Student: 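Let me give you the structure first, and then I'll get to my questions.
Note that the coordinates shown come from a computational prediction; the quantities given were computed from them, not determined experimentally. Below, all heavy atoms of this structure are taken into account, side chains as well, without hydrogens, waters or symmetry copies.
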Amino acid sequence: MKKHGILNSEVTKVLTDLGHTDQITIGDAGLPVPNGVKKIDLALKFGLPSFQEVLQTVLSDMAIEKVFLAEEIKIQNSSQLQVILKALPDDVEIIYFSHEEFKIQTQTSKAIIRSGEVTPFSNIILQSAVIF
């Protein structure tokens with residue numbers, strides 16, 4: 001029985017199996033999951049768990065070098081963007097592109113972790129870094 005860290009066995013397995021530059025997505029309740037991409041559904045009800053809770057938990061256990069966000073978050077959910085930017089390490093590269101391009105990029109994710117978040121554009125792709 002684990003004493004610390006992520007308890008969800010599917011999330012733990014995905015994170016453990018990541019290699020350098022592999023990507024995972026944390027999504028809101030409405031983000032579509034492409035065919036062939038593993039979906040880890042954590043949503044219990046509207047708002048739970050929140051995108052922020054899931055992001056903070058994953059970031060505590062994953063080394064990242066780059067993130068991808070939808071450009072639309074800047075205008076349509078700027079408060080969520082501020083929380084994301086504050087949570088990220090200082091040296092992380094941030095790439096913005098349209099939500100349509102974001103959804104295409106999720107096709108290369110090893111998994112999409114679905115939160116219960118219902119605010120717009122609360123989605124992020126995390127690219128794994130090398131641990132020295």
Side-chain angles (χ1 to χ4, degrees):
M1 182 72 141
K2 284 184 71 158
K3 289 176 64 176
H4 305 288
I6 296 173
L7 296 179
N8 183 288
S9 60
E10 290 183 89
V11 173
T12 299
K13 173 82 169 112
V14 167
L15 294 178
T16 301
D17 288 345
L18 291 176
H20 182 224
T21 72
D22 283 344
Q23 297 176 352
I24 64 165
T25 299
I26 299 172
D28 58 28
L31 183 67
V33 177
N35 291 333
V37 176
K38 180 177 185 61
K39 176 181 173 180
I40 302 173
D41 195 345
L42 303 180
L44 296 173
K45 65 179 188 175
F46 290 125
L48 290 177
S50 72
F51 170 83
Q52 294 173 15
E53 290 172 311
V54 176
L55 178 62
Q56 289 288 352
T57 302
V58 170
L59 287 176
S60 72
D61 210 24
M62 180 182 176
I64 61 168
E65 65 183 13
K66 187 184 298 185
V67 300
F68 301 86
L69 297 163
E71 186 76 35
E72 292 87 342
I73 196 172
K74 292 177 180 178
I75 302 297
Q76 297 188 38
N77 200 349
S78 61
S79 61
Q80 187 75 282
L81 176 58
Q82 293 310 308
V83 171
I84 291 168
L85 296 177
K86 187 175 179 181
L88 296 175
D90 293 335
D91 60 343
V92 169
E93 181 181 358
I94 302 169
I95 297 174
Y96 296 93
F97 39 54
S98 75
H99 187 58
E100 289 306 312
E101 290 173 293
F102 182 94
K103 290 188 288 187
I104 292 168
Q105 183 68 29
T106 64
Q107 294 173 7
T108 62
S109 285
K110 298 295 183 182
I112 295 180
I113 302 171
R114 181 178 179 241
S115 70
E117 188 67 47
V118 292
T119 63
F121 305 105
S122 292
N123 307 296
I124 191 168
I125 298 170
L126 305 172
Q127 182 169 304
S128 64
V130 173
I131 298 176
F132 297 101

Student: Using side-chain contact (heavy atoms from CB on, under 4.5 Å) as the criterion, list what pairs up with Lys66, not counting sequence neighbours.
Tutor: Phe68, Glu93, Ile95, Gln127
Student: How about Leu69 and Ile84: do any of their side-chain heavy atoms sit closer than 4.5 Å?
Tutor: yes
Student: Does Ile73 belong to the same Ile/Leu/Val/Met/Phe/Trp/Tyr cluster as Leu126, with side-chain heavy atoms less than 4.5 Å apart forming each link?
Tutor: yes
Student: Is there a side-chain contact between Glu53 and Ser115 in this structure, where contact means two heavy atoms from C-beta onward sitting under 4.5 Å apart?
Tutor: no
Student: How many angstroms lie between CZ in Phe97 and CD in Glu72, if you round to the nearest 0.5 Å?
Tutor: 10.5 Å
Student: Which residues pass the side-chain contact (heavy atoms from CB on, under 4.5 Å) test with Ser122, sequence neighbours left out?
Tutor: Asp28, Phe51, Asn77, Gln80, Glu117, Thr119
Student: On a heavy-atom basis, which atom in Leu81 and which in Tyr96 lie closest, and how many Å separate them?
Tutor: CD1-OH, 3.7 Å
Student: Do the side chains of Val118 and Leu42 join up, straight or via other hydrophobic residues, at under 4.5 Å, putting them in one cluster?
Tutor: no
Student: Is Val67 reachable from Leu59 through a run of hydrophobic residues whose side-chain heavy atoms are each under 4.5 Å from the next?
Tutor: yes
Student: Is any side-chain heavy atom of Ile6 closer than 4.5 Å to a side-chain heavy atom of Thr57?
Tutor: yes
Student: Within a reach of under 6.0 Å around CG of Leu44, are more than 12 heavy atoms found that belong to other residues, nucleotides or ligands?
Tutor: yes
Student: Which value, rounded to the nearest 0.5 Å, describes the distance between Ile64 atom CD1 and Leu88 atom CG?
Tutor: 5.0 Å
Student: Check side-chain contact (heavy atoms from CB on, under 4.5 Å) between Ser128 and all other residues, then give those that pass, not counting sequence neighbours.
Tutor: Leu18, Asp22, Met62
Student: Taking only distance into account, with no hydrogens and no angle test, what donor-acceptor pairs under 3.5 Å do side-chain atoms of residues 29-41 form with protein atoms, sequence neighbours excluded?
Tutor:
{"unit_1": "Lys38", "atom_1": "NZ", "unit_2": "Glu10", "atom_2": "OE1", "d": "3.1"}
{"unit_1": "Asp41", "atom_1": "OD1", "unit_2": "Ala43", "atom_2": "N", "d": "3.0"}
{"unit_1": "Asp41", "atom_1": "OD1", "unit_2": "Arg114", "atom_2": "NH1", "d": "3.1"}
{"unit_1": "Asp41", "atom_1": "OD2", "unit_2": "Arg114", "atom_2": "NH1", "d": "2.7"}

Student: When rounded to the nearest 0.5 angstrom, what distance separates OG1 in Thr106 from CG in Asn123?
Tutor: 9.0 Å
Student: My understanding is that only residues two or more places apart in sequence, or in another chain, count here; which of them pass salt bridge (Lys or Arg N to Asp or Glu O under 4.0 Å) with Glu71?
Tutor: Lys74
Student: Could you measure the distance from the NZ atom of Lys13 to the NZ atom of Lys110? Nearest 0.5 Å is fine.
Tutor: 11.5 Å
Student: Hydrophobic cluster membership, with links at side-chain heavy-atom distances under 4.5 Å among I/L/V/M/F/W/Y: are Val83 and Val54 in one?
Tutor: no
Student: If we only count heavy atoms from C-beta on, is the Thr25 to Ile113 side-chain gap below 4.5 Å?
Tutor: no
Student: Could you give the distance from CG (Leu55) to CD1 (Ile26), rounded to the nearest 0.5 Å?
Tutor: 5.0 Å
Student: Roughly how far apart are Ile124 CD1 and Gln23 CD, rounded to 0.5 Å?
Tutor: 11.0 Å
Student: Strictly distance-based, threshold 3.5 Å: is any side-chain N or O of Ser50 a donor or acceptor partner for the main-chain N or O of Gly47?
Tutor: no
Student: With sequence neighbours left out, what residues match Gln82 under side-chain contact (heavy atoms from CB on, under 4.5 Å)?
Tutor: Leu85
